[in-house]
S.K.: 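Quick one: structure below, then a few questions.
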Amino acid sequence: SWSLSQAGGERRALAFLHATDAAVGLVADAAEALGVAPNLINAWQRALPGADAIGLALRDDLKSIRLYTQYWDAVAARVRAGQDAPAPLYAGFKSLPDGSTRIDTYTCWPGAPRSEFMPEIEGACLEFGANPENLAVAFAPLTPEACIFTRTETEARTSWLATVRRADLSPATVARALAGVTTRLDDGDEIANALAARPLLHIAGGTDAVKGRFLTLYTETDAEDLADFIQA
């Protein structure tokens, strides 16, 4: 993923795993080895009950490490039971570049209509240079049924995250829509090539106390590319 802001770009890798005891142990050990504060690791471990997946994200300079929990099964069960009120879907336990830590809750809005998520997606992409006509074409297949939409509201962050992988958006069309974004960046060729070759999984934006206004793009990757990222 690439998080773009006025402060520059961040290149990150994010791995999600099923929340098995073995995976939890591996992620906790990795976080400790990477210098994550013990109190943040402990807070992440206390949030594990009810989680069906966990995540570990690394910035390429290792100055930002993030631990995640996911509660998809719990949210899906609530929706099947007819309860479509907003509910926590992810929690992020973040070790930030300045040495501080932060915990963000991502609240899911099940079945959010396009009028809820498309203005956010369009506004953020246009702010960073996307073409409006191409953007409308690229995201036309994104329906309420295919978009998993969350919001995060804290003093340090007001943001949204849309999981779009279910919409099976055309990589070539997405890359064309965001060409105006990537051509302005030093590592824009890498981002453009990834967008053109791999499915877009998530897109996020908003205002962060550290980064200011931001746009984050997440593409699918594989174990080989993840290994190359870590070794680099």
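Note that the structure is predicted; figures quoted are calculated from it, not measured.
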S.K.: By side-chain hydrogen bond (donor to acceptor under 3.5 Å, both in side chains), which residues pair with Asp21, not counting sequence neighbours?
M.R.: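 Asp21 satisfies side-chain hydrogen bond (donor to acceptor under 3.5 Å, both in side chains) with no other residue.
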S.K.: Does Arg114 have any salt bridge (charged side-chain N to carboxylate O under 4.0 Å, His left out) partners at least two apart in sequence or in another chain, and if so, which?
M.R.: none
S.K.: I'd like to check the side-chain hydrogen bond (donor to acceptor under 3.5 Å, both in side chains) partners of Asp29; sequence neighbours left out, ordered by chain and number.
M.R.: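 Per chain and number, Asp29 pairs via side-chain hydrogen bond (donor to acceptor under 3.5 Å, both in side chains) with no residue.
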S.K.: Within the distance-only criterion (no hydrogens, no angle test), does the side chain of Thr152 pair as donor or acceptor with the backbone N or O of Thr158 below 3.5 angstrom?
M.R.: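 Such a contact is absent between Thr152 side chain and Thr158 backbone.
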S.K.: Less than 4.0 angstrom from a charged side-chain N to a carboxylate O is my criterion; do Asp225 and Arg198 meet it?
M.R.: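 Between Arg198 and Asp225 there is a salt bridge, with a charged N closer than 4.0 Å to a carboxylate O.
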S.K.: Checking Glu120 now: which residues fulfil salt bridge (charged side-chain N to carboxylate O under 4.0 Å, His left out) with it, not counting sequence neighbours?
M.R.: Arg151
S.K.: Between Arg59 and Pro97, is any pair of side-chain heavy atoms under 4.5 Å apart?
M.R.: yes
S.K.: I'd like to know if the side chain of Asp52 reaches the main chain of Asp73, judged simply by a donor and an acceptor atom lying under 3.5 Å from each other, with no hydrogens or angles considered.
M.R.: yes
S.K.: Taking C-beta and beyond as the side chain, do Trp2 and Thr182 meet within less than 4.5 Å on heavy atoms?
M.R.: no
S.K.: Linking Ile, Leu, Val, Met, Phe, Trp and Tyr by side-chain heavy atoms under 4.5 Å, what else ends up with Val27?
M.R.: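 Its cluster mates, by chain and number, are Leu17, Val24, Leu34, Val36, Leu40, Ile41, Trp44, Leu48, Ile54, Leu56, Leu58, Leu62, Ile65, Leu67, Phe93, Ile103, Leu226, Phe229, Ile230.
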S.K.: Do Ser100 and Arg102 have side-chain atoms, one donor and one acceptor, less than 3.5 Å apart?
M.R.: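 Result is no, nothing qualifies.
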S.K.: Measuring only between side-chain heavy atoms, which start at C-beta, is Leu126 closer than 4.5 Å to Pro132?
M.R.: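 Leu126 vs Pro132: side chains touch.
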S.K.: List in chain and number order the residues that pass ring pair (Phe, Tyr, Trp, His ring centres under 6.0 Å) with Tyr218, two or more places apart in sequence or in another chain; answer none if no residue qualifies.
M.R.: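 Listed in chain order: His202.
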S.K.: Which hydrophobic side chains are connected to Leu96, either touching it within the sub-4.5 Å cutoff or through other members that do?
M.R.: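 In the cluster with Leu96 are Val210.
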S.K.: Check whether Arg166 reaches the backbone of Ile148 with its side chain - one donor and one acceptor, N or O, closer than 3.5 Å.
M.R.: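 No, the answer is negative, given that no donor and acceptor are paired below the 3.5 Å cut-off.
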S.K.: Once side-chain contact (heavy atoms from CB on, under 4.5 Å) is applied, do any residues pair with Ala77, and if so which ones, sequence neighbours excluded?
M.R.: Arg80
S.K.: Can you tell if the side chain of Phe149 reaches within under 4.5 Å of the side chain of Leu142, non-hydrogen atoms only?
M.R.: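 No. Closest side-chain heavy atoms not under 4.5 Å.
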S.K.: Can you find a pair of side-chain heavy atoms, one from Asn193 and one from Glu190, that are under 4.5 Å apart?
M.R.: no
S.K.: Which residues pass the side-chain contact (heavy atoms from CB on, under 4.5 Å) test with Ala179, sequence neighbours left out?
M.R.: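 Residues passing side-chain contact (heavy atoms from CB on, under 4.5 Å) with Ala179: none at all.
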S.K.: Using side-chain hydrogen bond (donor to acceptor under 3.5 Å, both in side chains) as the criterion, list what pairs up with Thr216, not counting sequence neighbours.
M.R.: Ser3
S.K.: Would you say Leu89 and Trp160 are hydrophobically clustered, going by side-chain heavy atoms of ILVMFWY under 4.5 Å?
M.R.: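 Leu89 does not cluster with Trp160.
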S.K.: Of all heavy-atom pairs between Thr173 and Ala138, which one has the smallest distance, and what is that distance?
M.R.: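 Nearest pair, atom of Thr173 first, then Ala138: CG2-CA, 3.5 Å.
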S.K.: Which residues, ordered by chain and number, are linked to Tyr71 in its hydrophobic cluster, where ILVMFWY side chains connect at heavy-atom gaps below 4.5 Å, directly or through other members?
M.R.: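 Traced through the cluster, Tyr71 reaches no other member.
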S.K.: Not counting sequence neighbours, which residues clear side-chain hydrogen bond (donor to acceptor under 3.5 Å, both in side chains) with Thr183? List them please.
M.R.: none
S.K.: Got Ile203 and Leu217 here, is their nearest side-chain heavy-atom distance under 4.5 Å?
M.R.: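 Yes, at least one pair of side-chain atoms sits under 4.5 Å.
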